[in-house]
2 protein chains.
Amino acid sequence: MFKNVLIAEDHEIVSKSLRSALTDLGITIADKDYVFYCDDAFTRVQKALRDGDPYELIITDLSFDEDYPKQKIAGGRELIKALKEIQPDLKVLVFSIENRALIANTLFKELNIDAYVPKARHDAKDLKLALESIYKNKKYHSPNLRQKEEYLHDFTPYDKTIVSLILDGKTQKEMSGILKQKNMEPSGLSSIEKRINYIKTALNISNNGQLIAYCIANKVI
Amino acid sequence: MFKNVLIAEDHEIVSKSLRSALTDLGITIADKDYVFYCDDAFTRVQKALRDGDPYELIITDLSFDEDYPKQKIAGGRELIKALKEIQPDLKVLVFSIENRALIANTLFKELNIDAYVPKARHDAKDLKLALESIYKNKKYHSPNLRQKEEYLHDFTPYDKTIVSLILDGKTQKEMSGILKQKNMEPSGLSSIEKRINYIKTALNISNNGQLIAYCIANKVI
DNA sequence: TGCATCCTTACGGGAAACCGTAGGTTGGTT
DNA sequence: AACCAACCTACGGTTTCCCGTAAGGATGCA
């Protein structure tokens, strides 16, 4: 089983419980092996790497509460991205309250994580299975993820930009100018109109309010 | 210190940790004293009451994941309300990921809870303080609540109806008709226009998308 | 009763969004 | 070179939204 594991989790209660769960599995978690801030996690990994005793696995949450002094790395996503740059072979297990399959899949795809376990009713058992899987170099998708939701529309980066601009309170005409500035194509007012209309049709909704609600609910932005 | 405490928390990891934290404080948590479903919590309290050995305190989460078979009591709010009806003197400590002061205050006001502790960096210590406070019959507001946010605008039931209608994709003209049907005043198209505009000005935003985003972020609807 | 104030509503002009059409560009095929 | 398909964009008409003005109604007070 793993020897060097780091836990990045800002909720004390959860962190504590994770430690005892890992101890039960025969993994020793020293005081230096759990942190409450992303920045600390990064530092620890960096140091372990330099000391020639790198971590094999990090277990991390996705959302971290803000705190002062302001942290450089704000959340789990950014942390994983940063870690993969300095230690590409570091395994990553994400342990988060978020239980939408889509979110998890994105992480597997974009950040190449190794396991995703949602905090849920039987997460202790789930966690155990995940650890065993990734120890054998196998990815682990928790069965507790809410699979059903299917995307009616795949938001492209272009779409996301448009939605963000709506959120900024821009008019379509203003968007056209902004997209031209950014050299994003297409930037014609007409194209923007049509794209928004296309998305709404795909999602079967009729106004911007619903569009925003949908995007927020599905963490599109 | 408390003798009879019930824990309602659907995340196994958190539940486990809560138990050990309470044990550390000298509170015994038997297997019958923690549950993963609201319905079970209600049953336990009911039974304990009937057996003449009622609980003194319940520690409960707010949001519970859905599960099958479908539960009658869906969340912490409903649970607390139901419990207060059968045992008004039962003390309630809410332990939730939600850290907005406004949400907590509403619970103190409307459901007369005794303590609110957000899951956060130092929640173990926070929990301890809370338990000590309510044991002395004192309400406990966690200092970790995000206090700053002040409402720029208080959404009246009328406002909420309008926002809901926007979310339903209705036009303002349709809203006028619907409000007339519901006998809600004012129902004139002009009044609706002005109200929406007033809210937007108050929130310093310029389109419906932002309005919806604000309402979702602040759980107005 | 008369007057002031507040609220609701109707109306109208202008801006933005919606929607179809048609012209233009690009890139690939024959 | 001719053709075609896919895409972007400009344009115009309609609807919806935005916003100011003003008329009508209710209330309170002198």
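Lettering follows sequence order; numbering is per chain, from 1. Here the structure is a predicted model, which means the values were calculated and not measured.
Residue contacts for Q172(B): at a heavy-atom cut-off of 4.0 Å it reaches the sugar-phosphate backbone alone, with no base atom in range.
Spacing between atom CD1 of I192(A) and atom C1' of dC19(C) amounts to 16 Å, rounded to whole angstrom units. Atom CD1 of I196(A) is separated from atom P of dC8(D) by 15 Å (rounded to the nearest Å). Separating the CD atom of E174(B) from the C1' atom of dT15(D) is a distance of 12 Å, rounded to the nearest angstrom. Rounded to whole angstrom, the span from the CD atom of E193(B) across to the P atom of dG14(C) amounts to 16 Å. Rounded to an integer number of Å, the gap from I162(B) CD1 to dT8(C) C1' is 13 Å. Atom P of nucleotide dA15(C) and atom NZ of K173(A) are separated by 8 Å, given to the nearest angstrom. Taking atom CG of residue N208(A) and atom C1' of nucleotide dT16(D), one finds them 12 Å apart after rounding to whole Å. dC17(D) atom C1' lies 11 Å from atom CE of M175(B), rounded to whole Å.
With hydrogens and angles ignored, no donor-acceptor pair closer than 3.5 Å exists between the side chain of T171(A) and the base of dA16(C).
Contact check, S187(B) against dT9(C): a side-chain N or O comes under 4.0 Å of OP1 or OP2. Contact check, K200(A) against dC18(C): a side-chain N or O comes under 4.0 Å of OP1 or OP2. In this structure, S191(B) reaches the dT9(C) phosphate: one of its side-chain N or O atoms is under 4.0 Å from OP1 or OP2. Neither OP1 nor OP2 of dC18(C) sits under 4.0 Å from any side-chain N or O of K194(A). OP1 or OP2 of dC19(D) has at least one side-chain nitrogen or oxygen of N197(B) nearer than 4.0 Å.
Considering only side-chain atoms of S190(A), the nucleotide from dT16(D), dC11(C), dA10(D) that sits closest is dA10(D). Taking only side-chain atoms of P186(B), from C-beta outward, the nucleotide of dC18(D), dT8(C), dG20(C) with the closest atom is dT8(C).
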Apply side-chain hydrogen bond (donor to acceptor under 3.5 Å, both in side chains) to N208(B) and K200(B), showing your working.
CA-CA 8 Å; N208(B) 280 356; K200(B) 284 196 208 161; 3.2 Å; yes
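Under a cutoff of 6.0 Å and an axis angle of 45°, R121(A) and F64(B) do not form a cation-pi pair.
Using bins of under 30°, 30° to 60° and over 60° for the plane-to-plane angle, the ring pair H122(A)/F36(B) lands in the tilted bin.
No option in K138(A), K139(A), K91(A) other than K139(A) meets the salt bridge (Lys or Arg N to Asp or Glu O under 4.0 Å) test with D114(A).
Salt bridge status for R77(A) with E110(A): present, with a side-chain N to carboxylate O gap under 4.0 Å.
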